Amino acid sequence: MATPHIGAEPGDFAPDVLMPGDPRRAQRIAETVLEDARLVTEVRGILGYTGTFDGRPVSVLASGMGIPSISIYATELFRFYGVERIIRIGTAGGMAPHLQVGDVVIANAAHTDSSVVGNKIPQIHFSAAATFSLTAAAAEAAGVGPGQRRPQRTEEPASGRRRRRKNGSVYVGPVISSDVFYSDRPAVNEALVKHGTLAVEMEAAGLYAVAAQEGKQALAICTISDLLFRDEALSAADRELLFDRAVALGLAAFANA
Ligand code: HPA
């Protein structure tokens with residue numbers, strides 16, 4: 001039986017789901033990365049596919065934008081389709097001064113201004129955190145580990161471990177999942193950077209909160225597509241190329257966590 005927002009039958013989704021924001025990215029992942037992918041839902045143009053990668057069943061479903069949207073899809077996947085692990089594969093705006101477009105942030109935690117996440121448990125400031133095993137496996141696949149603990153450059157961040165790669169660096173650290181794309185509160189952004197926040201996106205905290213509520217697992221891996229404090233952004237071609245790296249890290253995390 002279909003849910004209000006997903007038109008698939010029970011069993012149509014694999015236990016592991018990659019979740020980009022954009023339905024066309026979901027289609028691209030299905031067509032270029034998965035084998036034998038079949039379309040399992042297209043309600044509201046939110047495309048979902050199930051196929052295999054390296055012989056393991058994997059699904060991909062778009063989340064749409066923002067915490068309310070990803071919370072709907074994650075809840076329905078976890079609660080009604082037997083999904084166990086969701087990895088968001090998204091983009092984020094770089095906030096920390098050392099970040100460059102094309103870098104990847106593995107979000108081990110997600111601050112948020114969202115009241116649905118912040119007020120989840122009365123009188124508690126809920127900590128939206130990624131599942132450790134997925135985080136560790138993604139970091140390992142990226143070559144980020146205790147060996148990179150020591151700063152190698154003076155601008156090395158206080159938080160967020162780093163590994164320089166040909167296509168940019170991969171960091172593990174906190175993001176801010178904001179409800180507001182067109183923010184007019186620069187002081188808030190400055191304070192977040194001072195407190196070690198690496199990047200801004202709009203979904204991770206919602207995904208982590210839903211996973212915690214449903215007793216399931218989640219992670220967000222974000223490619224830096226633009227910079228908050230510098231006028232720089234990825235070209236469309238680079239966006240796709242670098243996005244594929246984040247997909248590969250997500251698939252490695254599923255295989256090795
Ligand atoms: N803000 C919020 N979400 C984003 C951004 C941003 O600057 N870039 C990519 N996703």
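Owing to the predicted nature of the structure, the values given are computational and were not obtained by experimental measurement. Remember, it's 1-based here, ligands and their atoms both numbered in the order they're listed.
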Margin query: Can a donor-acceptor pair be found, under 3.5 Å and without considering hydrogens, that links the side chain of Thr50 to the backbone of Asp12?
Written below: yes

Next item on the list: Evaluate the criterion side chain to side chain contact (heavy atoms under 4.5 Å, CB included) for residue pair Val117 and Tyr208; output intermediate values, then yes/no.
Entry: CA-CA 9 Å; Val117 175; Tyr208 295 173; over 6 Å; no

Notebook entry, point to check: Counting only heavy atoms not in Arg185, do more than 12 sit closer than 6.0 Å to its CZ atom?
Noted result: no

Check: Residues two or more places apart in sequence or in another chain: which of them pass side chain to side chain contact (heavy atoms under 4.5 Å, CB included) with Ala30?
Finding: Ala37, Tyr49, Val60

In a simple table, one pair per line, please give the protein and ligand 1 atom names for every N or O pair closer than 3.5 Å, along with the distance.
{"unit_1": "ligand 1", "atom_1": "7 (O)", "unit_2": "Asp226", "atom_2": "OD2", "d": "3.2"}
{"unit_1": "ligand 1", "atom_1": "8 (N)", "unit_2": "Gly93", "atom_2": "N", "d": "3.2"}
{"unit_1": "ligand 1", "atom_1": "8 (N)", "unit_2": "Asp226", "atom_2": "OD1", "d": "2.9"}

Margin query: Determine whether a donor-acceptor pair (N or O, by modelled atom type, separation under 3.5 Å) exists between the side chain of Thr131 and the backbone of Ser133.
Written below: no

Margin query: Please determine whether a side-chain nitrogen of the Lys or Arg among Arg28 and Asp22 lies less than 4.0 Å from a carboxylate oxygen of the Asp or Glu.
Written below: no

